[in-house]
Amino acid sequence: MTRTLTRELASKIGQTVTINGWLHKKRLMGGLNFITLRDRSGVAQTLIEDKDEIEKLRGLHIGTVLALTGTVVADDRAPGGAELHDVKVVVEVSVTDEPLIEVDKPISHKSEHLETLFDTRVLNIRNLQEQKIFKIRADLTYYIREFLRGQEFVEIDTPKLLAEATEGGSEVFKLDYFGKTATLAQSPQFFKQIMVGAYERVFEIGHSYRAEPSATTRHLTELTMLDIEMGFVEGHDEVLDMVGSMTQYVLKRVYEEHADDLKSLNAPELKLPEDGKVPRFTIAQIHEMYTKATKTDTTQEKDLIPDEERWISDYARKQLGTDLVYAVRFPIEAGKFYHKLDVEDGTVLWGDLLLRGLEVATVPLRENNYEKMLEQMKKAGLDVEHEGFKYYLQAFKYGLPKHGGCGFGVDRLVQKTIGLANVKEACLFPRDINRLTP
RNA sequence: GGGCUCGUAGUGUAGUGGUUAUCACGCCUCCCUGUCACGGAGGAGAUCACCGGUUCAAGUCCGGCCGGGCCCGCCA
């Protein structure tokens with residue numbers, strides 16, 4: 001018999017159907033037994049009164065793969081308003097091992113239980129509540145693509161195995177590459193800028209690798225980044241506006257499409273700026289406001305300290321009614337060689353996008369002049385003749401327009417959208433300084 | 001890398017230096033015809049992370065070690 005999905009039951013009242021899926025819950029009450037079956041569309045309840053049929057499930061645990069054939073009956077007492085009666089049970093894959101966790105119960109996300117959460121990932125991902133997180137994640141990246149393609153951005157796919165030299169910044173993983181040293185890409189920085197020379201507007205959703213020994217709630221060693229680069233921009237504001245619009249679009253979409261799931265996951269209410277423009281504060285302004293408000297002097301810091309990120313986000317949410325806020329114009333000494341500098345102002349044209357207290361994206365304008373690039377690279381102590389830089393520099397030599405973009409942490413976006421405490425909870429199989437499995 | 005903190009049945013937990021280490025869920029057996037975190041009765045399941053020390057006596061105190069977590073630095 002053709003397979004019926006559990007979500008289709010309500011529309012097949014009176015028919016005899018077969019549903020295939022996993023045993024999700026047994027509620028045995030003597031003569032009246034409820035067996036819940038899970039498939040990709042959800043769960044359905046079946047009622048089994050025949051002792052011989054229920055006996056087939058003796059000793060079999062949650063996860064057992066079943067084919068259940070029966071008559072669809074409408075009943076208000078059944079979840080979803082319909083259930084199967086007079087069920088014939090066929091066991092397709094037996095599970096005889098005692099379950100490690102209770103798949104049908106809430107899975108703890110407390111920080112002290114994260115080790116158990118990831119050690120039992122293979123099973124807890126069968127929990128319906130847990131699955132919501134990753135469906136939301138899947139759709140977030142879908143909405144990102146939807147927005148960017150609508151703006152004529154071309155999706156690209158660039159290598160993660162690189163020659164030794166990279167843009168600097170965070171630590172890179174090194175590995176043996178047939179006797180040579182290769183590194184894992186910490187971002188697609190060089191490639192996306194090179195591709196501006198072809199398509200003007202490009203983006204990539206891919207993995208990046210950071211060898212920083214950071215053990216915090218916001219760091220991963222393998223992370224998913226959305227990298228965007230846009231050519232022929234007038235200035236930094238245009239880049240900030242584009243990334244701001246995209247983020248608002250994506251958040252609005254996910255809050256529309258997943259309203260019930262977000263609510264059940266205790267996601268905060270979404271607050272976006274009424275005029276559609278993400279408010280911006282300079283780093284200097286934030287230092288000043290924070291120092292005044294908390295009596296902790298941060299005016300000598302080059303970046304925001306984590307508590308300032310939380311403070312300015314809190315301020316933006318309460319005073320300006322927005323979950324998104326930009327911190328812009330970093331001090332010039334924080335800049336990297338590929339950043340566009342405003343020497344007169346002593347700042348870098350670089351903004352951090354904060355979502356609910358956490359930096360989710362860096363949004364800089366790039367230096368696009370070949371001679372200035374060489375100058376800034378030499379100043380940074382980099383070998384401009386190195387193989388790893390040669391091809392990157394060719395792009396500038398042969399003409400790159402003024403451009404800017406962002407590196408956007410997808411894991412952090414998922415985390416803060418849902419309101420998860422740790423970025424790892426937004427990952428199916430997170431990689432951090434001490435986890436390589438599962 | 002620095003600071004703080006936590007390791008007790010499969011899971012989550014209680015545990016003032018002093019009998020047989022608490023409770024809940026899960027698991028096993030039995031009962032149960034409308035459950036939906038079903039309910040009831042009974043049962044099994046823990047070298048209290050590991051190593052050493054103090055003590056008549058250590059899950060508990062001390063030292064070491066291993067493994068987590070949180071914060072900072074750095075970053076998405």
Side-chain angles (χ1 to χ4, degrees), chain A residues 24-36 43-51 54 58-62 73 75-80 83 85 96-120 123-124 127 129 168-172 186-189 205-227 301-307 309-310 334 336 352-355 358-364 406-416 421-424 426 432-435:
Chain A
H24 196 62
K25 185 68 182 173
K26 289 198 263 190
R27 271 187 275 274
L28 308 180
M29 304 196 300
L32 188 68
N33 304 292
F34 296 102
I35 300 298
T36 305
V43 293
Q45 175 168 291
T46 65
L47 177 58
I48 305 184
E49 293 175 272
D50 186 333
K51 281 199 163 53
I54 206 70
R58 178 179 287 270
L60 300 183
H61 296 292
I62 289 176
V73 173
D75 193 320
D76 289 341
R77 293 170 297 184
E83 61 187 8
H85 285 199
T96 52
D97 285 16
E98 189 178 327
L100 298 172
I101 54 160
E102 292 150 66
V103 171
D104 63 312
K105 303 253 173 85
I107 306 293
S108 173
H109 278 242
K110 285 184 184 169
S111 63
E112 59 267 38
H113 302 155
L114 288 184
E115 194 180 14
T116 307
L117 179 71
F118 300 126
D119 283 348
T120 61
L123 296 178
N124 68 46
N127 174 278
Q129 192 74 356
S170 60
E171 287 294 315
V172 294
Q186 56 168 305
S187 85
Q189 180 69 34
I205 297 175
H207 285 191
S208 289
Y209 302 86
R210 306 279 167 95
E212 300 283 351
S214 302
T216 78
T217 53
R218 56 189 186 282
H219 287 91
L220 297 162
T221 49
E222 179 168 18
L223 54 134
T224 303
M225 289 235 296
L226 160 66
D227 274 273
E301 301 280 342
K302 63 172 187 174
D303 196 350
L304 298 180
I305 62 169
D307 197 49
E309 292 182 352
R310 291 185 284 266
K336 304 207 180 97
D352 274 356
L353 180 63
L354 305 174
L355 170 61
L358 183 67
E359 175 189 337
V360 290
T362 57
V363 191
C406 73
F408 204 122
V410 172
D411 313 281
R412 287 184 179 185
L413 174 65
V414 177
Q415 178 203 349
K416 296 312 282 189
N422 192 313
V423 69
K424 290 163 206 161
D432 64 25
I433 52 173
N434 35 34
R435 179 171 288 276

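Just so you know, these numbers come straight off a predicted model, no measurement behind them. Sequence lines set the chain letters: A, B, ... in the order given, protein chains first and strands last, and positions in each chain run from 1. When reading the values below, keep in mind they use all heavy atoms of this one structure, side chains included, and skip hydrogens, waters and symmetry mates.
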Taking the [atom1] atom in each of [N] and [M], what is the distance between them to the nearest angstrom?
N: B/U60; M: B/U47; atom1: P; value: 16 Å
N: B/C71; M: B/C56; atom1: C1'; value: 44 Å
N: B/G34; M: B/U29; atom1: P; value: 23 Å
N: B/A46; M: B/U22; atom1: P; value: 13 Å
N: B/C50; M: B/G59; atom1: C1'; value: 14 Å
N: B/A9; M: B/G26; atom1: C1'; value: 11 Å
N: B/C6; M: B/G10; atom1: P; value: 23 Å
N: B/G42; M: B/A58; atom1: P; value: 34 Å

Options [options], nucleotide nearest the side-chain atoms of [X]:
X: A/Thr217; options: B/C71, B/C27, B/G69; value: B/C71
X: A/Lys105; options: B/C72, B/U35, B/C25; value: B/C25
X: A/Gln45; options: B/C32, B/G73, B/U35; value: B/U35
X: A/Asn434; options: B/G26, B/G68, B/A76; value: B/G68
X: A/Thr216; options: B/G69, B/C71, B/C32; value: B/C71

If you take all heavy atoms of [X] and [Y], which pair is closest and at what distance?
X: A/Gln186; Y: A/Met225; value: O-CE, 4.3 Å
X: A/Leu354; Y: A/Leu304; value: CD1-CD1, 4.3 Å
X: A/Met29; Y: A/Asn33; value: N-OD1, 3.0 Å
X: A/Ser208; Y: A/Pro188; value: OG-CD, 4.2 Å
X: A/Cys406; Y: A/Pro364; value: CA-CD, 4.4 Å

For this session: Return the 5'-most residue of the pair A/Thr362, A/Pro79 with respect to RNA chain B, ranking by each residue's nearest nucleotide.
Result: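 Counting from the 5' end, the first nearest nucleotide belongs to A/Pro79.
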Problem set entry | 5' priority, RNA chain B, between A/Arg412 and A/Arg58 [closest heavy atom] |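 Closest to the 5' end, via its nearest nucleotide, is A/Arg58.
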Please list each protein N or O that sits under 3.5 Å from an N or O in nucleotides 7-13 of chain B, with the distance.
unit_1 : atom_1 : unit_2   : atom_2 : d
B/G10  : O2'    : A/Leu100 : O      : 2.9
B/G10  : N2     : A/Glu102 : OE2    : 3.4
B/G12  : OP1    : A/Thr116 : OG1    : 2.7
B/G12  : O3'    : A/His113 : NE2    : 2.6
B/U13  : OP1    : A/His113 : NE2    : 2.6

For this session: Give a yes/no answer on whether the side chain of A/Arg218 brings an N or O atom under 4.0 Å of OP1 or OP2 in B/C72.
Result: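 For B/C72, OP1/OP2 do have a side-chain N/O of A/Arg218 under 4.0 Å.
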d([atom1], [X]; [atom2], [N]) in whole Å:
X: A/Lys26; N: B/G26; atom1: NZ; atom2: C1'; answer: 13 Å
X: A/Leu32; N: B/C36; atom1: CG; atom2: C1'; answer: 12 Å
X: A/Ile107; N: B/C25; atom1: CD1; atom2: P; answer: 17 Å
X: A/His24; N: B/A37; atom1: NE2; atom2: P; answer: 11 Å

If you look at every strand shown and take non-hydrogen atoms under 4.0 Å, does [X] touch a base, only sugar-phosphate, or nothing?
X: A/Met225; result: sugar-phosphate
X: A/Asn422; result: sugar-phosphate
X: A/Phe34; result: base
X: A/Leu28; result: base
X: A/Pro306; result: sugar-phosphate
X: A/Leu220; result: base
X: A/Gly409; result: sugar-phosphate
X: A/Leu47; result: base
X: A/His85; result: base
X: A/Glu83; result: base

Problem set entry | Set of side chain to side chain contact (heavy atoms under 4.5 Å, CB included) partners for A/Asp411, sequence neighbours left out |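 A/Asp411: side chain to side chain contact (heavy atoms under 4.5 Å, CB included) contacts with A/Arg137, A/Leu220, A/Leu223, A/Thr224, A/Val423, A/Cys427.
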For this session: Output all residues satisfying side chain to side chain contact (heavy atoms under 4.5 Å, CB included) with A/Asp75, sequence neighbours left out; order by chain, then residue number.
Result: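 A/Asp75 satisfies side chain to side chain contact (heavy atoms under 4.5 Å, CB included) with A/Arg77, A/Ala78, A/Glu83 once adjacent residues are dropped.
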For this session: Please list, chain by chain and in numerical order, all residues satisfying salt bridge (charged side-chain N to carboxylate O under 4.0 Å, His left out) with A/Lys105, sequence neighbours excluded.
Result: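 By the salt bridge (charged side-chain N to carboxylate O under 4.0 Å, His left out) rule, A/Lys105 matches A/Glu102.
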For this session: Given side chain to side chain contact (heavy atoms under 4.5 Å, CB included), test A/Glu359 with A/Leu353 step by step and report yes or no.
Result: CA-CA 6 Å; A/Glu359 175 189 337; A/Leu353 180 63; over 6 Å; no
Exercise. Do A/Tyr209 and A/Thr221 touch side chain to side chain, with heavy atoms closer than 4.5 Å?
Worked result: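 Result no, sub-4.5 Å side-chain heavy-atom pair not found.
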Problem set entry | Lys/Arg-Asp/Glu bridge criterion (N-O < 4.0 Å) met for A/Asp432, A/Arg435 |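 No, this pair does not count.
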For this session: Evaluate side chain to side chain contact (heavy atoms under 4.5 Å, CB included) for A/Leu47 paired with A/Phe34, printing each intermediate quantity in order.
Result: CA-CA 5 Å; A/Leu47 177 58; A/Phe34 296 102; 3.7 Å; yes
Problem set entry | Distance-only donor-acceptor test (3.5 Å): side chain A/His61, base B/C27 |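 Absent.
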For this session: Mark yes or no for a side-chain to base donor-acceptor pair under 3.5 Å between A/Ser214 and B/C74, with no hydrogen or angle criteria applied.
Result: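 Present.
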Problem set entry | Verdict with reasoning, A/Val103 to A/His24, per side chain to side chain contact (heavy atoms under 4.5 Å, CB included) | CA-CA 8 Å; A/Val103 171; A/His24 196 62; 3.9 Å; yes
Exercise. Can A/Ser108 and A/His113 be counted as having a side-chain donor-acceptor contact under 3.5 angstrom?
Worked result: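 Their side chains do contain a donor-acceptor pair, which is all the 3.5 Å distance test asks for.
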Exercise. In which ranges does RNA chain B form stems of 3 or more consecutive Watson-Crick or G-U pairs, distances under 3.5 Å?
Worked result: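 Correct response: B:1-7 with B:66-72, B:10-12 with B:23-25, B:27-31 with B:39-43, B:50-53 with B:61-64.
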Taking only nitrogen or oxygen atoms into account, show me every contact under 3.5 Å that the protein makes with nucleotides 40-50 of chain B, one pair per line with its distance.
none

